[in-house]
Amino acid sequence: MARFRTVRVCWAAIVLMAGGVSWSARAGSGVGAGDDPAFVEIDATGAGTPFLHSWEQAFGSDRADMALTESYLRNADRTRQATGFRYVRFHGIFDDAMGIMAPDGAGRMHYNFRKVDAVYDGLLAHHIRPLVELSFMPSAIGSDVLRRDGGLEPLVDWKADDRARPITDYSGGTLWYRANVTFPAHMADWTALIRAFVEHLEQRYGAGEVRQWPFEVWNEPNQATWVAQPKMATYFALYDNTARAIKAVDPALRVGGPATGAIHWVGAFVDHVTRERVPVDFVSTHIYANDPPDLLRLPKSPDNTGNVVCDATRTARRAIDRAGHADLPLYITEFGADWDIHNGSADRPWVAPWIAQTVHDCDGLAPIMSYWTFSDDFEEQGVAADELPGAYGLLTTHGIPKPAFNAFALLHRLGNRRLPTGPGGGDVLATRRQDGVIAVALWNRDADKPRARHLAFRGLASVRGATVIVIDRAHGTPAALFEAMGRPASPTPGQARALMAAARLPAPRRAAACGEAGRCDIMLPPESLALLLVPARTD
């Protein structure tokens with residue numbers, strides 16, 4: 001790559017103080033790529049390469065029943081406005097709480113899709129499509145006998161004047177809402193449900209619409225949300241029957257799996273569907289940055305970046321290719337920085353540069369990567385006791401933005417053409433937008449030290465008029481005000497409004513650091529993410 005000619009210029013540095021943003025200028029002797037490790041050359045001369053916004057195509061959420069709440073839909077709408085996301089994935093469209101089926105007393109099964117319709121109607125009204133996760137098992141057809149028979153202790157010995165006693169539910173289940181994660185008692189009942197469900201969707205929403213909804217069979221069958229044994233063999237039987245039932249209704253519908261945690265079974269799944277000639281349109285799996293190494297068992301590779309999410313995604317992609325299906329897309333239908341709900345990761349500033357690094361490192365590996373989750377309307381471990389730190393959500397139940405939300409909002413403003421950044425661009429993502437603006441994300445993951453970045457735009461004589469937005473520990477987070485309020489578990493409406501204002505994404509500021517010779521000098525605070533926007537040149 002050609003280097004810039006060393007010239008004498010006047011540099012300006014962005015200095016971010018705890019109480020706000022101020023600007024100061026300093027003189028410099030001029031630096032080039034060869035003598036400054038903080039130097040990054042951005043090639044603005046070419047068209048660049050396609051840059052798909054795969055990280056914001058879909059977001060995860062808790063379960064179908066939650067999609068009927070006001071806060072869930074409000075937060076979905078806000079996230080869509082900030083990111084333009086297209087799909088939402090959630091558990092439990094077949095959960096007992098959805099009331100979709102019950103025996104009619106004559107040996108037949110009655111289907112009731114009214115709550116299903118309410119869920120999908122609400123999403124579509126907000127311009128969001130479902131990435132349909134087919135789970136969990138309706139108790140009426142599951143292999144848990146107690147749940148199939150009502151799940152309650154028999155009452156035959158009770159008399160009208162007996163003292164009241166507790167009624168105990170001895171049936172199985174997982175998650176706080178006791179999802180039924182058993183194998184179907186009779187596979188014919190399950191496949192009949194799948195056919196009835198898909199037929200109903202196409203009758204209500206039209207085949208053209210439903211063909212745009214990916215159908216994913218189950219959720220993490222290699223973990224606690226599948227109790228049949230042996231796990232892999234029984235899941236493959238469920239997948240085979242489900243995929244064939246869907247295609248029998250409409251061959252154009254898309255179906256995939258295995259939706260496993262920690263990229264397990266990916267290669268075995270592709271081998272299985274190939275050998276048994278089972279329909280498959282995509283492969284899906286999940287990955288979190290803190291998945292234990294002994295669980296992931298990632299092979300060493302010169303392409304590994306040290307970013308667990310992207311290295312695991314790359315490994316899954318290679319497993320699909322080795323199985324002879326380079327044509328199958330890989331969907332990461334759950335990813336995140338932390339699988340532990342109690343850590344409050346989305347609330348903390350460090351997650352913003354982590355998200356940016358993941359977007360940078362995972363580029364081109366998967367067309368859909370669904371962050372877990374967009375909202376704290378989330379009850380897998382019970383009803384949340386605190387507003388902050390909350391669950392995984394980008395937004396709290398009151399709609400208060402977290403640093404993770406602001407990170408996605410900033411990265412949404414990147415363009416769809418990626419520009420080369422040279423050897424120093426490991427923490428810089430440069431793009432060109434359709435309006436001609438050059439949008440550059442840059443970040444600092446260090447928890448203690450600020451970091452200088454010297455940007456040189458090859459092909460631009462001037463970058464005057466550039467603006468910058470920075471989120472860090474003092475900007476784009478409600479943490480300080482929340483602490484000052486005494487950490488209210490459930491903020492009052494007034495407190496919630498104040499927290500939302502404090503957490504709002506900062507307004508763009510003129511980047512006085514950017515001027516002649518196509519250069520910008522930026523100082524990034526610890527644990528920060530910045531977006532630099534260089535206006536299109538008309539001359």
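None of the values given here were measured: they were computed from a predicted structure.
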Could you tell me if [Y] and [X] have a donor-acceptor pair between their side chains, going purely by distance under 3.5 Å?
| X | Y | value |
| --- | --- | --- |
| Y392 | S345 | no |
| E216 | S284 | yes |
| D43 | T45 | yes |
| H286 | T333 | yes |
| T285 | T260 | yes |
| R89 | N219 | yes |
| D472 | S528 | no |

Is a donor on one side and an acceptor on the other found under 3.5 Å between the side chain of [X] and the backbone of [Y]?
| X | Y | value |
| --- | --- | --- |
| D363 | F51 | no |
| H53 | G415 | yes |
| Q495 | T492 | yes |
| D281 | V255 | yes |
| R432 | A439 | no |
| N75 | T396 | yes |
| R254 | Q212 | yes |
| D311 | G306 | yes |
| W218 | L134 | no |
| K449 | P526 | no |

task = On the 0 to 90° scale, with breaks at 30° and 60°, tag the W213-Y205 ring pair as parallel, tilted or perpendicular.
result = tilted

request  = Would you mind listing every ring pair (Phe, Tyr, Trp, His ring centres under 6.0 Å) that reaches into residues 434-453, with sequence neighbours excluded?
outcome  = H360-W443

Could you tell me whether the side chain of [Y] reaches within less than 4.5 Å of the side chain of [X], counting heavy atoms only?
| X | Y | value |
| --- | --- | --- |
| M369 | C362 | yes |
| C514 | R464 | no |
| S61 | M66 | no |
| L529 | Q357 | no |
| Y288 | D338 | no |
| F405 | L505 | no |
| R417 | T431 | no |
| I332 | I368 | no |

Are any of the side-chain nitrogens in [X] or [Y] under 4.0 Å away from the carboxylate oxygens of its partner?
| X | Y | result |
| --- | --- | --- |
| D386 | R487 | no |
| D377 | R74 | no |
| R314 | D361 | no |
| R445 | D427 | no |
| E527 | R473 | yes |

key: side-chain contact (heavy atoms from CB on, under 4.5 Å) involving R204 - partner list, sequence neighbours excluded   =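 Counting only residues at least two positions away or on another chain, R204 forms a side-chain contact (heavy atoms from CB on, under 4.5 Å) with D117, D121, H200.
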
message = Please determine whether side chain to side chain donor-acceptor pair (under 3.5 Å) holds for the pair E56 and Y371, giving the CA-CA distance in whole Å, both sets of side-chain angles, and the decisive distance to 0.1 Å.
response = CA-CA 8 Å; E56 60 180 4; Y371 184 84; over 6 Å; no

query = Would D250 and R211 count as a salt bridge (charged side-chain N to carboxylate O under 4.0 Å, His left out) if you check the C-alpha gap in whole Å, the side-chain angles of each, and the deciding distance to 0.1 Å?
reply = CA-CA 9 Å; D250 185 349; R211 286 171 182 170; 2.8 Å; yes

ask   = Of E380, E379, H91, which is the lone residue that meets side-chain hydrogen bond (donor to acceptor under 3.5 Å, both in side chains) with R63?
value = E379

remark   = ring pair (Phe, Tyr, Trp, His ring centres under 6.0 Å) test vs F59 passes for just one of F374, Y87, F408, Y72, namely F408

request  = With side-chain contact (heavy atoms from CB on, under 4.5 Å) as the test, would you mind laying out the steps for K402 and D376 before giving the verdict?
outcome  = CA-CA 11 Å; K402 304 180 188 181; D376 276 354; 2.8 Å; yes

task = For the pair I128 and R80, evaluate side-chain contact (heavy atoms from CB on, under 4.5 Å) and give the outcome as yes or no after the intermediate values.
result = CA-CA 8 Å; I128 300 167; R80 187 189 61 80; 3.8 Å; yes

request  = List the steps, then state whether side-chain contact (heavy atoms from CB on, under 4.5 Å) holds for R413 with I469.
outcome  = CA-CA 11 Å; R413 304 182 190 187; I469 304 172; 3.2 Å; yes

inquiry  = Under the criterion side-chain contact (heavy atoms from CB on, under 4.5 Å), I'd like the reasoning laid out for H325 against V270: C-alpha separation, chi angles, the key distance, then a yes or no.
reply    = CA-CA 8 Å; H325 272 283; V270 179; 3.6 Å; yes

Stepwise side chain to side chain donor-acceptor pair (under 3.5 Å) test for D62 and T373 = CA-CA 8 Å; D62 181 28; T373 61; over 6 Å; no

Pairwise distance CH2(W339) to CG(N290) - rounded to 0.5 angstrom =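 Nearest 0.5 Å value for the CH2-CG distance: 6.0 Å.
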
